[in-house]
Amino acid sequence: MRTEATAGDGRPAHDAQLVRDVESIGAAAVAWLSAHRSEFALDDEALDEHGSVNRTWKPLGELAQVCVSVRRYTEPTDPLHRTAGELLDFTWQQTGHGALFLELQRLEPFATYPLEIYAAFASAGLRHAGYERALAATARTRSWQMTEQQPNRRLGILNSERRSGIPQHDETERALRRTWLGALPEPWTFERDAGYTLTHVIFHLSDWGLAPQGVPQDVVEYLRQWLPPWLDTCLEHERWDLGCELLAVAGILPGPPDGVLLRESWAEINRAQDASGALPEVGTGREGHPLADDFFACYHSTLMAAYAAVLTAHQLGRSAGHGAQTGDRRAFAHTAPRVAPNAAPQAVRPGHSGKGASR
């Protein structure tokens, strides 16, 4: 009978190699984010009535959330943990240690995006009492509670209210069943926009991976069946940003990981990641055309690569009996130079335009 080779920690050797490869991809992504932190900085446009939230607050808030997640799944002695902590400190400083949220509340009292960004900081213990008092008063109004929103956006606001200590204005289960994913739709209706809504439904239900038990069992079983072909399709069309979001979902779902799916998918991400650690949202990367030096063409996909990597490594470690408890955060040890997984064949069909975001 054949005996499978194991790594020193008892895991099958191929799983241990996969963890090292995923860790290296994530570490390279975080290094790029750190090197480009100045491009996440807020400027005068952040408080301008006609400013673009998508080019000011949105990138900063997404960086904060990913840093919170990286810190949750790394040891304090890990260099990656320290880098994420430094970046989180940087993002908090950019908000005036929370004071700018109070100013946004004054300028746009019924806008929800300040709360959605603030919630990431609040979950890490970075809070501003004045903003929370002002927001709590607004959240009690009928206007706030009855604002018309996309169902997945409402889920995000409910989770942000919970994280920030604000009473939730609706029931999570009711909000879930109004989403595309909550209806368990016909799988062939999956397309780009549905993909981005479903990933965020899972992020909000699971509190960005911290509480996977928040995903109902029927949704888990549905995704277990259909996530693999959706992910394969995204990577075949070189949609790296959405592919990483789907990999993050795979890392959140409870149960044993699909080792074959993860090895093949991360090999594709490795192929597309630039030597600097950046990952394009769509299209050919390192083995095709060089990644353009365009912050907005790669910052979000690079964030998602880092986020998906910590979740994947955590899931693989948990499945091997290392960090078996849901709340165990030891899974992502920093590794030095990136070791490329066995490269999968390069897709030949380019993707289309990258992900957009509404204010």
Side-chain angles (χ1 to χ4, degrees), residues 21-22 25-26 28-33 35-36 39-40 52-55 58-59 61-63 65-66 152 180 187-203 226-251 261-262 264-309 311-312 338 340-341 343-359:
D21 294 338
V22 171
I25 292 169
V30 172
W32 184 90
L33 296 169
H36 291 77
E39 298 189 64
F40 288 93
S52 171
V53 173
N54 290 341
R55 299 181 72 87
K58 181 177 178 287
E62 290 165 339
L63 176 62
Q65 178 56 62
V66 168
N152 70 303
W180 183 84
W188 57 86
T189 63
F190 174 88
E191 42 78 41
R192 172 185 169 277
D193 289 345
Y196 280 115
T197 59
L198 86 83
T199 58
H200 283 74
V201 165
I202 297 302
F203 298 161
W226 296 113
L227 184 64
W230 293 341
L231 175 58
D232 182 65
T233 297
C234 286
L235 297 180
E236 180 184 2
H237 287 267
E238 299 182 327
R239 293 185 176 275
W240 312 119
D241 186 60
L242 181 52
C244 283
E245 289 204 9
L246 292 172
L247 276 169
V249 169
L261 174 71
L262 293 178
E264 293 178 351
S265 299
W266 281 106
E268 289 292 302
I269 299 300
N270 177 77
R271 177 180 63 78
Q273 188 178 41
D274 189 84
S276 68
L279 182 71
E281 285 202 356
V282 295
T284 53
R286 181 159 45 97
E287 291 187 4
H289 302 293
L291 178 60
D293 187 17
D294 183 348
F295 175 76
F296 287 99
C298 63
Y299 91 85
H300 188 269
S301 40
T302 305
L303 282 168
M304 289 301 100
Y307 178 50
L311 289 170
T312 297
R338 188 152 54 91
Q346 182 171 339
V348 297
R349 286 176 288 179
H352 301 292
S353 59
K355 178 173 75 69
S358 63
R359 180 168 180 152

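We're numbering straight along the sequence, starting at 1.
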Next item on the list: State which residues pass ring pair (Phe, Tyr, Trp, His ring centres under 6.0 Å) with F190; sequence neighbours excluded, sorted by chain then number.
Entry: W230
Notebook entry, point to check: Could you state the interatomic distance from CG (L246) to CE (M304), rounded to the nearest 0.5 Å?
Noted result: 12.0 Å
Margin query: Test your reading of the model: is there a side-chain donor-acceptor pair from S301 to the backbone of C298, 3.5 Å cut-off?
Written below: yes
Item checked: Those residues that, when tested against T302, pass side-chain hydrogen bond (donor to acceptor under 3.5 Å, both in side chains) (two or more places apart) -> none
Next item on the list: Compare every heavy atom of L231 with every heavy atom of G243, then report the nearest pair and how far apart it is.
Entry: O-CD1, 3.4 Å
Check: Does L235 offer a backbone N or O that forms a donor-acceptor pair with the side chain of W240 under 3.5 Å?
Finding: no
Checklist line | Sub-4.5 Å side-chain heavy-atom contact between L247 and L262 | finding: yes
Check: What pairs with P228 under side-chain contact (heavy atoms from CB on, under 4.5 Å), at least two apart in sequence or on another chain?
Finding: L261
Next item on the list: For residues Q273 and E268, determine if any side-chain heavy atom of one lies less than 4.5 Å from a side-chain heavy atom of the other.
Entry: no
Next item on the list: Test Y299 against every option in H36, E62, E39 by the side chain to side chain donor-acceptor pair (under 3.5 Å) rule and name the one that passes.
Entry: E62
Next item on the list: For S276 and W32, work out which heavy atoms get closest and say how close.
Entry: OG-CD1, 3.4 Å
Notebook entry, point to check: Which atom pair, heavy atoms only, marks the closest approach of F40 to P59?
Noted result: CD2-O, 3.5 Å
Notebook entry, point to check: Between CD1 of I25 and CH2 of W266, what distance do you get to the nearest 0.5 Å?
Noted result: 5.5 Å
Next item on the list: Drop me the distance from T197's OG1 to R192's CZ, to the nearest 0.5 angstrom.
Entry: 11.0 Å
Check: So, the side chain of H300 versus the backbone of F296: is there a donor-acceptor pair under 3.5 Å, distance only?
Finding: no
Next item on the list: Using the test side-chain contact (heavy atoms from CB on, under 4.5 Å), find all partners of A248 that sit at least two apart in sequence or belong to another chain.
Entry: F203, Y307, A308, L311
Next item on the list: Apply side-chain contact (heavy atoms from CB on, under 4.5 Å) to the pair L227 and V249, showing each step before the final yes or no.
Entry: CA-CA 9 Å; L227 184 64; V249 169; 4.1 Å; yes
Check: Tell me, do L63 and L303 make a side-chain contact under 4.5 Å, heavy atoms counted?
Finding: yes
Margin query: Among residues at least two apart in sequence or on other chains, which ones pass side-chain hydrogen bond (donor to acceptor under 3.5 Å, both in side chains) with T199?
Written below: E245
Next item on the list: Please step through side chain to side chain donor-acceptor pair (under 3.5 Å) for the pair N152 and Y196, ending with a clear verdict.
Entry: CA-CA 10 Å; N152 70 303; Y196 280 115; over 6 Å; no
Notebook entry, point to check: Closest heavy-atom contact between A272 and P280?
Noted result: O-CD, 3.5 Å
Notebook entry, point to check: How far apart are the closest heavy atoms of I269 and C244, and which atoms are they?
Noted result: CD1-SG, 3.8 Å
